[in-house]
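Read the structure below first, then the notes.
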Amino acid sequence: MRERNHHERIDSHKSSKSDEKHKHKEHKHKEHKSKERDKDREKSKHSSSSSKNHSNSEYKESSEKRHKEKLKHRDGSSDKHRHKNKEKRKEEKEKLHSSSSGVGDKIKKENGFTSPPRIKQEVDDEYLPSVKVENKPTKRARIDDDVDFKPKKPKIEDEKRTKKRKAEEVTKSKKGKMKGQADGAGKKKKKKEEEDKWKWWEEERYTDGVKWKFLEHKGPVFAPPYIPLPDKVKFYYDGKHMKLSPQAEEVATFFGKMLDHEYTTKDIFRKNFFKDWRKEMKPEEKSTIVDLNKCDFEEMNQHFKDQSEARKQMSKEEKLKLKEENEKLLQEYGFCIMDNHKERIANFRIEPPGLFRGRGNHPKMGMLKRRIRPEDIIINCSKDSKVPVPPHGHKWKTIRHDNKVTWLVSWTENIQGSIKYIMLNPSSRIKGEKDWQKYETARRLKKCVDKIRAQYREDWKSKEMKVRQRAVALYFIDKLALRAGNEKEEGETADTVGCCSLRVEHIKLHTELDGQEYMVEFDFLGKDSIRYYNKVPVEKRVFKNLQLFMENKQPEDDLFDRLNTSILNKHLQELMDGLTAKVFRTYNASITLQQQLKELTNPDENVAAKILSYNRANRAVAILCNHQRAPPKTFEKSMQNLQTKIDAKKDQIGMARRELKGAKADHKVKKDEKTRKSVESKKKALQRVEEQLMKLEVQATDREENKQIALGTSKLNYLDPRISIAWCKKWDIQTEKIYNKTQREKFAWAIDMADEDYEF
DNA sequence: ATTCAGACTTGGAAAAATGTTA
DNA sequence: TAACATTTTTCCAAGTCTGAAT
């Protein structure tokens, strides 16, 4: 950020953003940098035994340096020019290469779809042309899909509900009437609940980009106004008490609340905070408070701790009252009417002001996120609806009636200048339909993925650099489930990359490593600055291509310099309607789950063990997608507790065994009914405890394996829920065992529609 | 072709709610 | 019944992708 501003000033006479970007990139301290990276690698090697390393912290430090080490720009020659020359050189070399190495290329056993780390076996099979799937032209596939995606009849026989939304109201009331007449009073309630569950998936979708016909809501709930601190809570500057103006005090409390957080120790955070805080100060304050290090927020911090403690200690009645108030608010603002149905809103509360907490090494961390007022708010609703009323004495910024979008409320946030929205809950029709559609697109990919894979393998040999890069990138996206990797504005966000934005410094080539040939070692920060570390064997041709792409480049140069997400997606679009890079992630995630479930589920095992298998399948996907979490702070202890329980259970078993033995002996002697019964019951008791033990042990295994893996995201966003539902039905496992209430609501469509035979 | 705003999905952490134990 | 552990929900940042403007 600093550096960037500096440059902007110097270079202000010219240059587009992209020029600037390259200038920055191309004049960094190489030696310095690469040394840093080496050190880093060294570290990561030590710390990782598995092929994917999960420690983020190490990486972050060094990535931080990236920004700092940029050197001054010097020459003015056009960037594009340079680029072109570079590429020409490359193309020449490429020709040489392909003619010399191409011939000897034998087809390896490796087909390019070896398992991602720790997934036992998988996509391999997918690559082989399957019997069932012919390679249809994409057009055709599209049609197929559409058929698939249309609501299915079965469950609506009796009611003929497949009609246009317009007709819904009629349907509904008619239905109500029928019920009212038919049912006895006692049944009414239950019936009503049933009716409330609207099966939108049995109705027709909008086709023309229209998202709704009617939309009515009450607008957002604003953050509560700032309550000044009581006088006894003091702020000290340089050891001296200082009463702050309300504005300055509010911002100070944001910092005070966070005192225990690591953020407040970070330089950038402190610097950004202090700068923005000073903007809120009165002139006197501004002239006095010049050094953040001399500020003492301790009492504020304590005050808020006390407050939250007090909240915990509230009496039952008070808590209940609070809960009721919350519920009232939810009832009033938490729902909207969209096309005759009451739907839950996801986030009806406006984000309160506070300090921006970017993730990873974010240049803007600590900046003040300002309070949103009604005047910042754009309302979206239908013309014929009751327009939400702004708070007294205020006006909305704008009121819109745009039914081509799904949001109800929007505002522009001041840190990145991006737009924030209030939208509906995942259980809503509008989200659900889209979600369903996403999986249908992925299923269409399944039908043509063989063809696409064959195609990009062909493209590895292309004469055109652009095509080769595209093909290798796509291979990574497919094989490793990498994200597309859009370009980002440098200095505005943390330095993270995806596939297309990988830089030379992010991969290392090893002709041989760990006994395998042609290994690529990935090490970069992905979304949310989560580290991706992986060593993968690739095909020789890919390897050679990578060498080519890296020739004559600096570590900080783009690996795929002729490629970006827009080029890639345009290409994908041509291969299959609706295909984009992220579809591969969805596809590979879902297909992996399906295969893993098939492979891991043991019919003879009990429910607990089956669930463990499910979780393991889920885990395989999470690993593929690199979904990591920080190990829970209480992890070790919680493992210990579980172990204690297990030990206790084992003792119990010993006891039960002895008792059984005794009973048996008794029975042998007496041979009467009473002792026989006793033996029976002891046997049962033993069995019971053994089962409990088994459950605990399964739980322990599951938890251990899940230490640094986050299952949530894949479960919620990547796995076709119908696969899971089919699995549940097949093995007679309750849906509740794998989906909690929220999840069941979100996946209601899948729960209703998938049967045991569903195949992704 | 490139840039940019906009809209929407995806992501882990943290807070809140709920369950369990001493 | 408080303290602690675990699960669920909320929060909001950070991606992807589209389409319009230039």
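In what follows, chains are A, B, ... by sequence order, proteins preceding strands, each numbered from 1. Not measured: the values here are computed from a predicted model.
Phosphate contact (OP1/OP2 of dT18(C), side-chain N/O of S566(A), threshold under 4.0 Å): absent. Taking only side-chain nitrogens and oxygens, N740(A) never comes nearer than 4.0 Å to OP1 or OP2 of dT7(C). Here K420(A) reaches the OP1 or OP2 of dA13(C): one of its side-chain N or O atoms lies under 4.0 Å away. Between T580(A) and dC17(C) there is a side-chain polar atom (N or O) within less than 4.0 angstrom of OP1 or OP2.
Within the 4.0 angstrom heavy-atom criterion, only backbone atoms of the sugar-phosphate kind lie near K645(A); the bases stay farther away. Here P426(A) lies out of heavy-atom contact (under 4.0 Å) with every strand. Here R344(A) lies in heavy-atom contact (under 4.0 Å) with sugar-phosphate atoms only. Using a 4.0 Å heavy-atom cutoff across all strands shown, E413(A) reaches no nucleic acid atom at all. Residue A346(A) is out of contact with every strand shown, counting any heavy-atom pair closer than 4.0 Å. At the heavy-atom level, K369(A) lies under 4.0 Å from the strands shown only through sugar-phosphate atoms. Looking at heavy-atom distances under 4.0 Å, K323(A) makes contact with sugar-phosphate atoms alone, never a base. Among the heavy atoms of the strands lying under 4.0 Å from N569(A) are primed sugar atoms or P, OP1, OP2 only; no base atom is included. When heavy atoms are screened at a 4.0 angstrom cut-off, G417(A) is found touching no nucleic acid atom at all.
A cation-pi arrangement is found for K266(A) relative to Y263(A), the charged atom lying closer than 6.0 Å to the ring centre and inside a 45° cone about the ring normal. A cation-pi arrangement is found for K257(A) relative to F304(A), the charged atom lying closer than 6.0 Å to the ring centre and inside a 45° cone about the ring normal.
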How would you summarise protein contacts on nucleotides 7-16 of chain B per nucleotide, using B for base, S for sugar-phosphate only and - for none, with heavy-atom distances below 4.0 Å?
BBSBBSSS--

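Y587(A) and T441(A) form no side-chain donor-acceptor contact under 3.5 Å, judged by distance and modelled atom types alone. Side-chain polar atoms of T496(A) and K488(A) form a donor-acceptor pair below 3.5 angstrom. With no hydrogens or angles considered, a side-chain donor-acceptor pair links N615(A) and D702(A) at under 3.5 Å.
Rounded to a whole Å, the CG atom of L322(A) is 13 Å from the C1' atom of dA17(B). Rounded to whole Å, atom P of dA13(C) lies 19 Å from atom CG of L525(A). Going from atom CD of E745(A) over to atom P of dT8(C) covers 13 Å, rounded to whole Å. Summarising the geometry, the separation between OH on Y739(A) and P on dT8(C) is reported as 14 Å, rounded to the nearest angstrom. Distance CG (N361(A)) to C1' (dA14(C)): 15 Å, rounded to an integer number of Å. For the pair Q640(A) CD and dC4(C) C1', the interatomic distance rounds to 15 Å; values are reported in whole Å. Remark: C1' of dA13(C) and CE of M367(A) are 14 Å apart, rounded to the nearest angstrom. Per the geometry, CH2 belonging to W411(A) stands 13 Å off C1' belonging to dA13(C), to the nearest Å.
Nearest to the side chain of A581(A), among dC17(C), dA14(C), dG15(C), sits dC17(C). Nearest to the side-chain atoms of N486(A) among the listed nucleotides dT6(C), dT16(C), dT18(B) stands dT16(C).
Note: F255(A) and F273(A) have parallel aromatic rings, judged against thresholds of 30 and 60 degrees for the angle between ring planes.
Under a 4.0 Å N-O distance rule, the pair R503(A)/D495(A) qualifies as a salt bridge.
Residues L579(A) and N425(A) each lie close to DNA chain C; by heavy-atom proximity, the contact nearer the 5' end of the strand is made by N425(A). Two residues, E309(A) and R349(A), neighbour DNA chain C, and the one matched to the more 5' nucleotide by heavy-atom proximity is E309(A).
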Working note: Y718(A) + R585(A), criterion side chain to side chain donor-acceptor pair (under 3.5 Å); need CA distance, chi angles, decisive distance, verdict.
CA-CA 7 Å; Y718(A) 288 103; R585(A) 239 165 114 82; 2.9 Å; yes

Step by step, would you call Q640(A) with E636(A) a side chain to side chain donor-acceptor pair (under 3.5 Å)?
CA-CA 6 Å; Q640(A) 244 171 29; E636(A) 297 306 330; over 6 Å; no

